[in-house]
Amino acid sequence: AMLANPKGAEAKEHVKLLPYLQLIYKLFKALLKARKKRGAIDFETTETQMFFNDQGKIDKIEPVQRMEAHRWIEECMLAANVCAADFLQKHHQMTLYRIHEDPKPEKIEALRNFLKEFGIQLSGKDRPSAKDYAQTLLKIKDRPDVQLLQTVMLRSLQQAVYSPDLAGHFGLAYDSYTHFTSPIRRYPDLTIHRMIEAIC
């Protein structure tokens, strides 16, 4: 709200904070540009929030609207994770990378056959890159069957895992990546913090 209306009530209430938010917003735009250039895959998913009654039973489940502020935080977290991985690599510190290997050939073939039924082609021949996936997602984003197509594309990918071996992150199109920060406070985050502290 402050960025949308720098002269509004929220901006006036936090007038000292506004210049910093505007600066971070510029950073966010630059990170988005870099993401697009790298060709990172960006699946559009709908997250849900559960509401519980007094007995602790689920009362209702509602979709959570993903705003630009969510993406802003996400991009900053990704940048922190990359910086942590690069720092550890630079100092030759054995660590836990978050790796996401290339899709397996049989999964790619099955995906191509599925997409062909819908008149959609995935470029990249035998070894499509994350950019090839991203371009296909861009082509299908306005189709009524986008959720189905996106789900099948997502299932063609391997699952990301932790590994001491630097193997890159296919989906995010990063050479090195780890989990340094996350909203769910994973244990690997703490492990990475300890490794960085050991170097410093």
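The structure presented is a predicted model; accordingly, all values stated were derived computationally and were not measured.
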Practice task
Measure the spacing between OH of Tyr177 and CG of Leu78 and express it to the nearest 0.5 Å.
Solution key: 4.5 Å
Handout entry: Within 6.0 angstrom of Asp59 CG, more than 12 heavy atoms from elsewhere
Key = yes
Exercise for the section: Measure from the side-chain N and O atoms of Arg112 to the backbone N and O of Gln121, and report whether any donor-acceptor pair falls under 3.5 Å. Expected result: no
Practice task
Using the test side-chain hydrogen bond (donor to acceptor under 3.5 Å, both in side chains), find all partners of Thr95 that sit at least two apart in sequence or belong to another chain.
Solution key: none
Problem - Qualifying residue for salt bridge (charged side-chain N to carboxylate O under 4.0 Å, His left out) with Glu75, from Arg35, Lys33, Lys36 - result: Arg35
Practice task
Run the salt-bridge test on Asp189 and Arg98 with the 4.0 Å N-O cut-off and return the result as yes or no.
Solution key: no
Problem - Those residues that, when tested against Asp145, pass salt bridge (charged side-chain N to carboxylate O under 4.0 Å, His left out) (two or more places apart) - result: Arg143
Handout entry: Hydrophobic cluster identity match, Leu138 and Ile41, side-chain contacts under 4.5 Å
Key = no
Per-pair distances, 0.1 Å, donor-acceptor, side chain in residues 157-167, under 3.5 Å, sequence neighbours excluded:
residue: Gln158; atom: NE2; partner: Asp102; partner atom: O; Å: 2.7
residue: Tyr162; atom: OH; partner: His179; partner atom: ND1; Å: 2.6
residue: Ser163; atom: OG; partner: Asp165; partner atom: N; Å: 3.0

Problem - CD (Glu74) with more than 12 external heavy atoms under 6.0 Å - result: yes
Exercise for the section: Sequence neighbours left out, what passes ring-ring contact (aromatic ring centres under 6.0 Å, His included) with His91? Give chain and number order. Expected result: Phe87
Problem - Straight-line distance of Leu149 CG to Ile140 CD1, nearest 0.5 Å - result: 4.5 Å
Table please: side-chain donor-acceptor pairs of residues 193-200 below 3.5 Å, with sequence neighbours left out.
residue: His193; atom: NE2; partner: Phe180; partner atom: O; Å: 2.7
residue: Arg194; atom: NH1; partner: Tyr187; partner atom: OH; Å: 3.2

Exercise for the section: Could you tell me whether the side chain of Asp132 reaches within less than 4.5 Å of the side chain of Ser129, counting heavy atoms only? Expected result: yes
Handout entry: Any donor-acceptor N/O pair, Lys131 side chain to Lys37 backbone, under 3.5 Å
Key = yes
Problem - Val146-Met153 co-clustered via ILVMFWY side chain contacts under 4.5 Å - result: yes
Exercise for the section: Would you name the heavy atoms of Ala130 and Ala173 that are closest together and state the gap between them? Expected result: CB-CB, 4.3 Å
Enumerate, atom names and distances included, each donor-acceptor pair closer than 3.5 Å involving a side-chain atom of residues 10-28, sequence neighbours excluded.
residue: Tyr25; atom: OH; partner: Glu68; partner atom: OE1; Å: 2.8

Exercise for the section: Start with the C-alpha distance between Ser176 and Asp86, add both sets of side-chain angles, then the distance that settles side-chain hydrogen bond (donor to acceptor under 3.5 Å, both in side chains), and finish with yes or no. Expected result: CA-CA 7 Å; Ser176 61; Asp86 288 347; 2.6 Å; yes
Handout entry: Within-4.5 Å side-chain heavy-atom neighbours: Phe51 and Ile61
Key = no
Problem - Value rounded to 0.5 Å, distance of CG in Leu31 from NZ in Lys29 - result: 11.5 Å
Practice task
Just do the ring pair (Phe, Tyr, Trp, His ring centres under 6.0 Å) check on Phe170 and Tyr174 with the steps written out, would you?
Solution key: CA-CA 7 Å; Phe170 177 83; Tyr174 284 133; over 10 Å; no
Handout entry: Flag, side chain of Asn113 to backbone of Ala110, donor-acceptor distance under 3.5 Å
Key = no
Practice task
Report the residue from Thr136, Leu122, Leu111 that forms a side chain to side chain contact (heavy atoms under 4.5 Å, CB included) with Pro128.
Solution key: Leu122
Handout entry: Audit row: Lys7, Asn5, side chain to side chain contact (heavy atoms under 4.5 Å, CB included) steps and yes/no
Key = CA-CA 5 Å; Lys7 291 189 167 98; Asn5 186 6; 4.0 Å; yes
Exercise for the section: Taking the side chain as every heavy atom from C-beta outward, state whether Asp42 and Arg71 have any pair of such atoms under 4.5 Å apart. Expected result: yes
Practice task
Look up atom CZ in Arg186 and atom CD1 in Ile192, then write down how far apart they are to the nearest 0.5 Å.
Solution key: 11.0 Å
Practice task
Output the distance between atom CD1 (Ile58) and atom NZ (Lys60), rounded to the nearest 0.5 Å.
Solution key: 13.0 Å
Fill in the blank from the handout: Value for CD (Glu117) from CG (Leu115), rounded to nearest 0.5 Å, stands at 10.0 Å
Practice task
Establish whether Tyr133 and Phe114 are linked, either directly or via other cluster members, by ILVMFWY side-chain heavy-atom contacts under 4.5 Å.
Solution key: yes
Handout entry: Heavy-atom check, side chain of Leu172 versus side chain of His100, under 4.5 Å
Key = no
Problem - For Pro103 against Ser156, the heavy-atom pair lying closest together - result: CB-O, 3.6 Å
Handout entry: Asp126, CG atom: more than 12 neighbouring heavy atoms under 6.0 Å
Key = no
Practice task
Could you check if a side-chain atom of Ile99 sits within less than 4.5 angstrom of a side-chain atom of Glu101, using non-hydrogen atoms only?
Solution key: yes
Practice task
Please determine if Glu109 and Lys107 form a salt bridge, counting it only when a charged side-chain N lies under 4.0 Å from a carboxylate O.
Solution key: no
